[in-house]
Amino acid sequence: MTETRVLSEEAPNANSNQSTIAGGHLALVPTWLPLDIAPAQNSAGNGGDGTSLGTIGSNTLAMFTPSNAAIAGSHTDADALQGNHALINQHVTEMGGIGGEGGNGNVAGGHGGGSVAGGGGDGTFFGGLVSTDTAVFAPLNLAVAAGPGSSATAGQANNAAFLQGATQIGGVGGSGGDHNVAGNTAPAQQQGATFIFNGDAYAGHGGDGTFIGSMVDVNVAVFSPINIAVGAAGGDAHATQTNNVIFDQGGVQIAGIGGKGGGFNLSSDTIFTGSGASGGGGDGYSNGSTVDVNIGYFHPINIAVPAGGTAEADQLNHLLVDQHTLQIGGIGGAGGEGNIAEANAALIDDVLHG
């Protein structure tokens, strides 16, 4: 609250100016009345608050099952060649409750009330972020020489990349701006009157980040290549299979992160009873569970059946599974650099008792 009072022992002057400017509005209230005045907050260049309520969910399913077969009867030749390149990108980005960043080079000042300049908006999220990924890669390569004098050759080469990682962010405060000034200025005053400001001044503050709920990311990867060569009596069968597979199912989960404080900000007043703060990092708060489940299944099958003939089965597999998880929750923002917070509250005692 802001109090504007005459502390002099003299009687009020009826001819004096009885109005003051508070928060940019004309206050038609005598300055000598013992009334509390709550002017509007002075603000400039602040980022807006971000609020999200509810659940954000994403379910993805990818299946890649190429088949290649060469079957030769008596005194025949059969060749089957197959090459596959698959890129399946189902990466999910889920964000909720993100505060806007504070601006730069702003000035917030007025006659009373708190002053805020270049502050980052608060980020608040209630609910859960859910992402479910399933990837199945099961190629089949088959060569069958079914009689005398038969020849069957099956060649299959597969290159597959599954990108199903999830990025989940909730309740993150915006960063404070730089080079902002927050303070109060005294209006034109009559002789013998003292103006005391008890609002708070903030400049370049990072917004608070709050997350309440759960983050769940479930990834399932199944890789089951099958390569079969069957050579009947007098037959010759060759099955060759090469697989290069990447499963990238890494997850990033970030919740309740306070915004970083800005740099080179100033919050100051001359006669000031409130607090002065500049470039402070926002608070981080996370309440709930962060869950990440990764399942990788690799089951190659390679079969050669010489049933009175010749059978050769070659299988080469290169598999990279990345199911890393980065989980961060409840981290306060870092304070800025080169900031000045100055509240000359000691001057009040000099004014009242000097």
Going by atom type alone, with no hydrogens or angles, which donor-acceptor pairs under 3.5 Å involve a side-chain atom of residues 230-242 and a protein atom two or more places apart or on another chain?
residue, atom, partner, partner atom, Å
Asp236, OD1, His238, NE2, 3.0
Asp236, OD2, His238, NE2, 3.3
His238, ND1, Glu312, OE1, 3.0
Gln241, OE1, Asn243, ND2, 3.4
Gln241, OE1, Gln315, NE2, 2.7
Gln241, NE2, Gln156, OE1, 2.7
Gln241, NE2, Ile226, O, 3.3

*Taking side-chain contact (heavy atoms from CB on, under 4.5 Å) as the test, write out the residues that go with Ala78, two or more places apart.*
Ala70, Ala72
*Hey, could you give me each pair passing side-chain hydrogen bond (donor to acceptor under 3.5 Å, both in side chains) that has a residue in residues 66-76? Not counting sequence neighbours.*
Asn68-Asn141
*Taking ILVMFWY side chains as joined if any heavy atoms are under 4.5 angstrom apart, and letting links pass through other members, which residues group with Leu320?*
Ile246
*Mind checking side-chain contact (heavy atoms from CB on, under 4.5 Å) for Gln253 and listing every partner two or more places apart, or none if nothing turns up?*
Gln168, Met215, Asp217, Thr290, Asp292, Thr325, Gln327
_Straight-line distance of Asp208 CG to Asp122 CG, nearest 0.5 Å_ = 5.0 Å
*asked:* Nearest 0.5 angstrom please: Asp322 CG to Gln164 CD, how far?
replied: 12.5 Å
*Please collect all ring pair (Phe, Tyr, Trp, His ring centres under 6.0 Å) contacts where either partner lies in residues 310-329, sequence neighbours excluded, each pair once.*
none
*Please list all pairs passing the ring pair (Phe, Tyr, Trp, His ring centres under 6.0 Å) test where one or both residues lie in residues 120-142, with sequence neighbours left out.*
Phe64-Phe137, Phe125-Phe211, Phe137-Phe223
*In Å and rounded to the nearest 0.5 Å, what is the CG to CD1 distance from Leu140 to Ile228?*
6.0 Å
*With sequence neighbours excluded, residues passing side-chain contact (heavy atoms from CB on, under 4.5 Å) with Ile88*: Ala62, Gln90, Phe162
*Val216 vs Leu129 side-chain heavy atoms within contact, under 4.5 Å*: no
*Quick one: do Leu316 and Ile303 end up in the same hydrophobic cluster if we chain Ile, Leu, Val, Met, Phe, Trp and Tyr together by side-chain heavy atoms under 4.5 Å apart?*
no
*State plainly whether one hydrophobic cluster holds both Val222 and Val218, where clusters connect Ile, Leu, Val, Met, Phe, Trp and Tyr through side-chain heavy atoms under 4.5 angstrom apart.*
yes
*Minimum-distance pair of heavy atoms, taken over all atoms of Ser150 and Gly73*: CB-O, 2.7 Å
*Mind checking the OG-CG spacing from Ser131 to Asn59? Nearest 0.5 Å is all I need.*
7.5 Å
*Mind checking what makes side chain to side chain donor-acceptor pair (under 3.5 Å) contact with Ser58, not counting sequence neighbours?*
none
*Shortest non-hydrogen contact from Ala313 to Asn227?*
CB-ND2, 3.7 Å
*Within one Ile-Leu-Val-Met-Phe-Trp-Tyr cluster: Met63 and Ile301, side-chain cutoff 4.5 Å*: no
*Taking only residues two or more places apart in sequence, or in another chain, which ones meet Asn84 in a side chain to side chain donor-acceptor pair (under 3.5 Å)?*
Gln82, Asn158
*Mind running side chain to side chain contact (heavy atoms under 4.5 Å, CB included) on His91 and Thr167 for me, showing each step along the way?*
CA-CA 8 Å; His91 184 90; Thr167 300; 3.2 Å; yes
*Can you check side chain to side chain donor-acceptor pair (under 3.5 Å) on Asn159 and His85, steps first, answer last?*
CA-CA 5 Å; Asn159 298 302; His85 301 277; 3.0 Å; yes
*Find the distance between CZ (Phe247) and OH (Tyr297) and round it off to the nearest 0.5 Å.*
12.5 Å
*Can you tell if the side chain of Phe298 reaches within under 4.5 Å of the side chain of Asn317, non-hydrogen atoms only?*
yes
*Should Leu142 and Leu81 be counted in the same cluster of Ile, Leu, Val, Met, Phe, Trp and Tyr side chains packed under 4.5 Å apart?*
no
*Considering only Ile, Leu, Val, Met, Phe, Trp and Tyr, and joining two whenever side-chain heavy atoms are under 4.5 Å apart, list the other residues clustered with Leu163.*
Leu87
*Set of side-chain contact (heavy atoms from CB on, under 4.5 Å) partners for Thr65, sequence neighbours left out*: Ala138
*asked:* Please report the interatomic distance CD1(Ile169) to CD1(Ile257), rounded to the nearest 0.5 Å.
replied: 9.5 Å
